[in-house]
Amino acid sequence: WLKRKYEAQGYRIHTLSFEDNHPIHIDATFCPLRPGLMLLNPNRPLFKGQREIFEKNDWEIVEAVKPSWENPPALCYSSTWLSMNTLILDHKTVCVEATETAQMEQFDKLGFDVIPVAMRDAYAFGGGLDCATADVWREGTC
């Protein structure tokens, strides 16, 4: 559907596959942070040849640091890599789960202003900060 809808409008659509065959949160696998910068889960690398799509277009690919926790919280069936599941507010500002100190330090070193948000207790509901938020574009007065 994406190819059919957007390639006709001049966009290039690339399918990405990762060396992990389990159901996963895509935003706990790779995250475009800003134009030219991507965060990649080191345990779920891109299939051979797909990383080059980004490198040929001058993207820097940074491997995410190890999550702060060895196990997810009670009743959470998601990966500990929800540490990557952040909310990017703009090209310089990111919200990160407050206990993910190493992830916050990594973002700081990448030049981001980091906003810690206590969200770990909500992981049992299916995800982290990115999953719990949604951009909404509305038309009209409703």
Side-chain angles (χ1 to χ4, degrees), residues 1-7 9-140 142:
W1 179 85
L2 288 172
K3 278 185 168 287
R4 187 175 65 243
K5 171 108 175 131
Y6 291 105
E7 281 187 341
Q9 297 176 27
Y11 292 97
R12 293 178 297 158
I13 307 297
H14 300 282
T15 301
L16 298 177
S17 299
F18 300 87
E19 294 183 22
D20 186 328
N21 61 358
H22 298 91
I24 52 174
H25 283 259
I26 192 67
D27 40 17
T29 302
F30 89 106
C31 302
L33 301 175
R34 61 179 171 238
L37 181 62
M38 179 200 334
L39 190 65
L40 183 64
N41 183 326
N43 291 351
R44 299 178 181 148
L46 286 158
F47 274 131
K48 186 171 176 70
Q50 292 185 336
R51 187 180 180 111
E52 288 77 13
I53 293 169
F54 294 95
E55 291 170 342
K56 286 180 184 175
N57 287 284
D58 298 323
W59 279 68
E60 178 183 0
I61 300 173
V62 177
E63 289 190 350
V65 296
K66 184 179 174 192
S68 294
W69 298 88
E70 293 291 325
N71 296 299
L75 303 176
C76 175
Y77 297 99
S78 297
S79 152
T80 57
W81 287 98
L82 285 179
S83 58
M84 293 176 57
N85 191 300
T86 61
L87 177 60
I88 307 291
L89 298 180
D90 58 37
H91 294 171
K92 291 195 61 56
T93 313
V94 61
C95 298
V96 179
E97 203 291 312
T99 64
E100 293 295 343
T101 54
Q103 190 62 72
M104 288 189 279
E105 288 173 15
Q106 183 177 36
F107 277 117
D108 184 59
K109 289 177 185 172
L110 290 169
F112 283 89
D113 295 323
V114 179
I115 301 171
V117 178
M119 187 76 174
R120 186 166 164 79
D121 290 341
Y123 282 6
F125 296 104
L129 286 157
D130 187 57
C131 293
T133 59
D135 295 334
V136 178
W137 181 281
R138 299 184 189 271
E139 295 180 0
C142 187

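Heavy atoms only: backbone and side chains are in, while hydrogens, waters and symmetry mates are out. Remember, it's a predicted structure, so these values are computed and weren't measured experimentally.
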### Query
For L33 and V94, what are the C-alpha separation, side-chain angles and deciding distance, and is it a side-chain contact (heavy atoms from CB on, under 4.5 Å)?
CA-CA 9 Å; L33 301 175; V94 61; 5.9 Å; no

### Task
Applying side-chain contact (heavy atoms from CB on, under 4.5 Å), run through Q106 and V96 and close with a yes or a no.
CA-CA 11 Å; Q106 183 177 36; V96 179; over 6 Å; no

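A heavy-atom distance below 4.5 Å is not found between the side chains of L87 and M119. Here the side chains of H91 and P35 are in contact, with some heavy-atom distance below 4.5 Å. By the 4.5 Å heavy-atom criterion applied to side chains, L37 and F112 are counted as neighbours. You'll find the side chain of F107 stays beyond 4.5 Å of the side chain of C95, heavy atoms only. You'll find the side chain of V65 stays beyond 4.5 Å of the side chain of E105, heavy atoms only. Two residues are said to be in side-chain contact when any heavy atoms from C-beta on lie closer than 4.5 Å; I88 and C31 fail this criterion. Looking at heavy atoms from C-beta onward, L46 lies in side-chain contact with L16 at the 4.5 angstrom threshold.
More than 12 heavy atoms of other residues, nucleotides or ligands shown are found within 6.0 angstrom of CZ on F47.
To the nearest 0.5 Å, atom CG of residue L129 and atom CG of residue L82 are 9.5 Å apart. Separating the CZ atom in R34 from the CG atom in L110 is a distance of 6.5 Å, to the nearest 0.5 Å. To the nearest 0.5 Å, atom CD1 of residue I115 and atom OG1 of residue T86 are 11.5 Å apart.
Of all the heavy atoms in T80 and P72, the pair that sits closest is CG2-N, 3.6 Å. Looking at every heavy atom in both residues, F18 comes nearest to I26 through CE1-CD1, 3.7 Å. Minimum heavy-atom separation, Q50 to T15: NE2-O, 3.2 Å. Residues I53 and H14 share a closest heavy-atom pair of CD1-ND1, 3.9 Å. M104 and P116 make their closest contact through SD-CB, 3.7 Å (heavy atoms, listed as atom of the first residue, atom of the second, distance). R120 and E97 get closest at one heavy-atom pair: N-OE2, 3.0 Å.
Not a single ring pair (Phe, Tyr, Trp, His ring centres under 6.0 Å) links Y123 to another residue, sequence neighbours left out.
A donor-acceptor pair under 3.5 Å links the side-chain atoms of N41 to the main chain of A28, judged by distance alone. Not one N or O on the side chain of S83 forms a donor-acceptor pair closer than 3.5 Å with the backbone of E100.
Residue pairs that meet the salt bridge (Lys or Arg N to Asp or Glu O under 4.0 Å) test with at least one member in residues 66-82, sequence neighbours left out, are K66-E70. Applying the side-chain hydrogen bond (donor to acceptor under 3.5 Å, both in side chains) test to pairs two or more places apart or on separate chains, those with a residue in residues 52-63 are R51-E55.
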